[in-house]
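Data first, discussion second: the structure below is written as structure tokens.
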2 protein chains.
Amino acid sequence: MDKNLVIPGSEPCDDDACAVRDALLIIGGKWKSIIMHTVHNQGTIRFNQLKKSLPDISQKMLTQQLRELERDGLIKRVDHEEMPPRVEYSLTDLGISAGSVYKTINIWQKEYLKTINNNRKNYDESKTDQG
Amino acid sequence: MDKNLVIPGSEPCDDDACAVRDALLIIGGKWKSIIMHTVHNQGTIRFNQLKKSLPDISQKMLTQQLRELERDGLIKRVDHEEMPPRVEYSLTDLGISAGSVYKTINIWQKEYLKTINNNRKNYDESKTDQG
DNA sequence: GGTAGTAGGTACTTTTAGGTGACTATGGAT
DNA sequence: ATCCATAGTCACCTAAAAGTACCTACTACC
């Protein structure tokens, strides 16, 4: 087995936690990838526009995820302090860099989705066949 | 903004779900990255060896995660059917390919961790300063 | 003065992920 | 007979993530 092929650093974990684990707290979760994707596609996007683009997300979750993305510096929030309110979201440079990670994940998934689904089917069959 | 720089495919979601979201169900979660990392490092590893390498994981979670990784075809499980039991785990080719995804995530995290932590600090301060 | 649009916030509930501790089967050693 | 090691399973519980429904502030418009 070639040790140079794969996976993270050299220690199993830095201190307690894994870098990958930490990264997934920042870019993972149910909504962040699609929010990031939508903001990127639009360049600049307002709150309600975003909400309409993501019909299944609740207002609360959208706000919450945007706050986290803003806190971590992946997204920039500009409040124009007008009435009626106008708030615009866009990606920061860090957000754009995270985009390349999403892209890698996406490519991997697209490439191996069928394989994985076949594996699952075979696994299930082997379990129902002979427990 | 350069549309060619970043993020997944061209639609926000394939059907309901995102490819990235689906991928993270396969390779994400609290334990999978470190399990994969450990198995890779050892080449072949037995259950209890793995448990000792990951002192914080419970036996139940280890079994459960290994079953999912096996089901999805990232990990191969070989039961030698001896007594006392001897079961050996190793990565499949698909598992190795997932390693490159973990690697990308890991590199990104290592590169931007400080930036993210600074962003969080500044964000918190701006919130406590003036709400 | 009632309604609509904007960008949220709050309280409560459900669902999912993860954790704890005791238990099983097997055979060999003490 | 009892204990040990291996590789688990089972029932139960907590904590975190996500969802639902309703509320706020401000202004314009009718």
Side-chain angles (χ1 to χ4, degrees), chain A residues 13 16-18 20-22 24-35 38-39 42 44-72 75-90 123 127 131, chain B residues 13 16-18 20-22 24-35 38-39 42 44-72 75-90 123 127 131:
Chain A
C13 262
D16 293 326
C18 277
V20 171
R21 203 147 83 182
D22 292 347
L24 291 181
L25 294 175
I26 295 163
I27 65 167
K30 186 169 177 181
W31 295 110
K32 278 177 183 169
S33 61
I34 182 171
I35 290 174
T38 306
V39 174
Q42 298 299 314
T44 295
I45 190 166
R46 296 180 61 180
F47 185 85
N48 270 3
Q49 240 182 311
L50 206 41
K51 205 172 61 160
K52 279 168 203 156
S53 304
L54 279 43
D56 290 343
I57 197 174
S58 68
Q59 205 158 12
K60 180 198 127 182
M61 286 308 293
L62 181 53
T63 306
Q64 184 179 307
Q65 298 304 304
L66 283 170
R67 289 290 168 281
E68 289 181 18
L69 291 168
E70 188 200 354
R71 177 200 60 190
D72 295 340
I75 270 187
K76 187 169 49 184
R77 177 182 183 272
V78 178
D79 185 345
H80 293 272
E81 308 202 348
E82 298 171 1
M83 202 54 63
R86 184 158 64 94
V87 177
E88 288 181 330
Y89 293 94
S90 56
Y123 183 88
K127 293 300 153 184
Chain B
C13 262
D16 293 325
C18 278
V20 172
R21 203 148 83 183
D22 292 347
L24 291 181
L25 294 175
I26 295 163
I27 63 167
K30 186 169 176 182
W31 296 111
K32 278 178 182 167
S33 61
I34 183 172
I35 291 174
T38 306
V39 174
Q42 299 300 314
T44 295
I45 190 168
R46 295 179 62 179
F47 185 85
N48 269 4
Q49 239 182 312
L50 206 41
K51 205 172 59 156
K52 278 167 204 158
S53 305
L54 279 41
D56 290 343
I57 198 173
S58 67
Q59 203 159 12
K60 180 198 127 183
M61 285 309 294
L62 182 53
T63 305
Q64 184 179 307
Q65 299 303 305
L66 284 170
R67 288 290 168 282
E68 289 180 18
L69 291 168
E70 188 201 354
R71 177 200 59 190
D72 295 339
I75 270 187
K76 187 169 48 186
R77 177 181 184 274
V78 178
D79 185 346
H80 293 272
E81 308 203 348
E82 298 171 1
M83 202 54 63
R86 183 160 65 94
V87 177
E88 287 181 330
Y89 293 94
S90 56
Y123 183 88
K127 294 300 155 186

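All figures in this text were calculated on a predicted structure; none of them were measured in a lab. So that the names make sense, note that chain A is the first sequence line, chain B the second, and so on, each numbered from 1.
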Taking atom P of D:dT9 as reference, at what distance in whole Å does atom CG of B:Leu62 sit?
-> 11 Å
Side-chain heavy-atom pair A:Ile75, A:Ile35 within 4.5 angstrom cut-off = yes
Distance col, row B:Ile34:CD1 vs B:Ser53:OG, nearest 0.5 angstrom, shows 8.5 Å
Below 3.5 Å, can you tabulate the donor-acceptor pairs from side chains in residues 61-71 of chain B to any protein atom, sequence neighbours excluded?
residue	atom	partner	partner atom	Å
B:Thr63	OG1	B:Gln59	O	3.0
B:Glu68	OE1	B:Lys32	NZ	2.7

Rounded to whole angstrom units, what separation is found between the CG atom of B:Leu66 and the C1' atom of D:dA7?
-> 11 Å
Can you name the side chain to side chain contact (heavy atoms under 4.5 Å, CB included) partners of A:Lys76, sequence neighbours left out?
-> A:Val78, A:Ser90, A:Thr92
State whether B:Arg67 places a side-chain N or O below 4.0 Å from either non-bridging phosphate oxygen (OP1 or OP2) of D:dG8.
-> yes
Which residue lies more 5' along DNA chain D, comparing A:Pro85 with A:Gly29 via nearest heavy atoms = A:Gly29
Please give, in whole Å, the distance from D:dA17 P to A:Gln64 CD?
-> 9 Å
For the pair made of NZ in A:Lys32 and C1' in D:dA17, what is the distance, rounded to whole Å?
-> 11 Å
Rounded to the nearest Å, what distance is computed from the CD atom of residue A:Gln65 to the C1' atom of nucleotide D:dA17?
-> 9 Å
Pick out the pairs of N or O atoms, protein on one side and nucleotides 19-24 of chain D on the other, that lie under 3.5 Å.
residue	atom	partner	partner atom	Å
D:dG19	OP1	A:Lys30	NZ	2.6
D:dG19	OP2	A:Trp31	NE1	2.9
D:dG19	N7	A:Lys60	NZ	3.1
D:dG19	O6	A:Lys60	NZ	2.4

State, with a plain yes or no, whether a side-chain heavy atom of B:Thr44 is found less than 4.5 Å away from one of B:Val39.
-> no
With a 4.0 Å cut-off (strictly under) to non-hydrogen atoms of chain B, the first and last hit nts on DNA chain C, 5' to 3', are C:dG18 to C:dG27
Begin with the C-alpha distance, continue with both residues' side-chain angles, and end with the deciding distance and a verdict on side chain to side chain contact (heavy atoms under 4.5 Å, CB included) for B:Arg86 and B:Phe47.
-> CA-CA 8 Å; B:Arg86 183 160 65 94; B:Phe47 185 85; over 6 Å; no
Can you name the closest pair of heavy atoms from A:Pro85 and A:Arg46 and give their distance?
-> O-NH2, 3.1 Å
Between N or O atoms, less than 3.5 Å apart, protein on one side and nucleotides 28-30 of chain D on the other: list the pairs.
none

So among B:Arg77, B:His80, B:Gln42, which one has a side-chain hydrogen bond (donor to acceptor under 3.5 Å, both in side chains) with B:Glu88?
-> B:His80
Between CZ of B:Arg77 and P of D:dT6 the distance, given in whole Å, is 16 Å
Run the numbers on A:Thr38 and A:Tyr89 for side chain to side chain contact (heavy atoms under 4.5 Å, CB included), then give the verdict.
-> CA-CA 10 Å; A:Thr38 306; A:Tyr89 293 94; over 6 Å; no
What one should report as the nearest heavy-atom pair of A:Gly28 and B:Leu24 is CA-CD1, 4.0 Å
B:Glu81 meets the side-chain hydrogen bond (donor to acceptor under 3.5 Å, both in side chains) criterion, sequence neighbours left out, with none
